[in-house]
Amino acid sequence: MNKQSNTLPPKEREEWGKLVQNEFPHYFQNYVLQMKVSYFSKKIKNNELDVQTAVDEVYALCEKYSKAVQADFKVIFKEW
């Protein structure tokens, strides 16, 4: 079994910040992740939330549902 299939990339990776700021084009397979990224990117743009807090929130969500986000993360993070 591939260990990567049930893990998340380290929170320190720069892609997390880009993810929550919606800085790269990606068609999400996971609808909940797509909605959260959209929500947080709007909050960040309106100065209602800082990037690190958004990363923490999205990371916590992804930890809880790590299997459900693997397809998107393989595209976004490539490998970890």
Side-chain angles (χ1 to χ4, degrees):
M1 183 173 163
N2 182 357
K3 187 176 179 182
Q4 179 178 330
S5 65
N6 293 324
T7 62
L8 296 178
K11 199 187 310 186
E12 296 76 31
R13 297 240 339 225
E14 70 176 284
E15 292 96 328
W16 285 105
K18 291 180 178 182
L19 178 68
V20 298
Q21 295 177 80
N22 210 10
E23 289 186 353
F24 51 85
H26 176 67
Y27 181 78
F28 289 92
Q29 293 184 27
N30 183 289
Y31 181 71
V32 174
L33 182 58
Q34 175 186 346
M35 295 305 296
K36 284 293 186 178
V37 166
S38 177
Y39 172 77
F40 286 130
S41 70
K42 288 176 186 171
K43 289 280 196 182
I44 291 167
K45 285 179 185 174
N46 292 332
N47 293 317
E48 298 173 13
L49 189 68
D50 66 276
V51 173
Q52 189 56 52
T53 302
V55 167
D56 292 342
E57 293 285 332
V58 170
Y59 193 88
L61 174 74
C62 292
E63 275 185 317
K64 189 172 182 178
Y65 301 105
S66 65
K67 288 184 181 182
V69 298
Q70 290 302 305
D72 287 310
F73 282 4
K74 287 177 183 174
V75 174
I76 296 167
F77 293 93
K78 308 292 185 248
E79 57 184 49
W80 56 93

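As a basis for the values below, the full set of heavy atoms in this structure was taken, side chains included, without hydrogen atoms, waters or symmetry mates.
Every pair passing salt bridge (charged side-chain N to carboxylate O under 4.0 Å, His left out) that includes a residue from residues 18-27 is listed here, sequence neighbours excluded: E14-K18.
Considering CG of L19 and OH of Y59, their distance stands at 13.0 Å, rounded to 0.5 Å. Here the CZ atom belonging to R13 is positioned 8.0 Å from the CH2 atom belonging to W80, to the nearest 0.5 angstrom.
Proximity of V20 to E15: side-chain heavy atoms (C-beta onward) are nowhere separated by under 4.5 Å. Inter-residue side-chain proximity for L61 and V69 is flagged as unmet; no heavy-atom pair is nearer than 4.5 Å. P9 has its side chain within reach of W16: a pair of non-hydrogen atoms, C-beta onward, lies under 4.5 Å apart. I76 places a side-chain heavy atom less than 4.5 Å from the side chain of F24.
Applying the side chain to side chain donor-acceptor pair (under 3.5 Å) criterion to D72, with sequence neighbours excluded, gives H26. Evaluation of the side chain to side chain donor-acceptor pair (under 3.5 Å) rule for N22 yields no partner, not counting sequence neighbours. Under the side chain to side chain donor-acceptor pair (under 3.5 Å) criterion, E63 pairs with no residue at all, not counting sequence neighbours. Applying the salt bridge (charged side-chain N to carboxylate O under 4.0 Å, His left out) test to E48 and every residue at least two apart in sequence or in another chain returns K43.
Summarising the geometry of A54 relative to I44, their closest heavy-atom pair is CB-CD1, 3.8 Å, with the distance given to 0.1 Å. Shown here for S66 and L8, the closest heavy-atom pair between the two residues is CB-CD2, 4.2 Å.
Listed for the Q52 side chain is no donor-acceptor partner under 3.5 Å among the backbone atoms of G17.
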Enumerate donor-acceptor pairs with a distance under 3.5 Å from any side-chain N or O in residues 31-42 to protein atoms, sequence neighbours excluded.
| from | atom 1 | to | atom 2 | distance (Å) |
| --- | --- | --- | --- | --- |
| S41 | OG | V37 | O | 3.3 |
| S41 | OG | S38 | O | 3.0 |

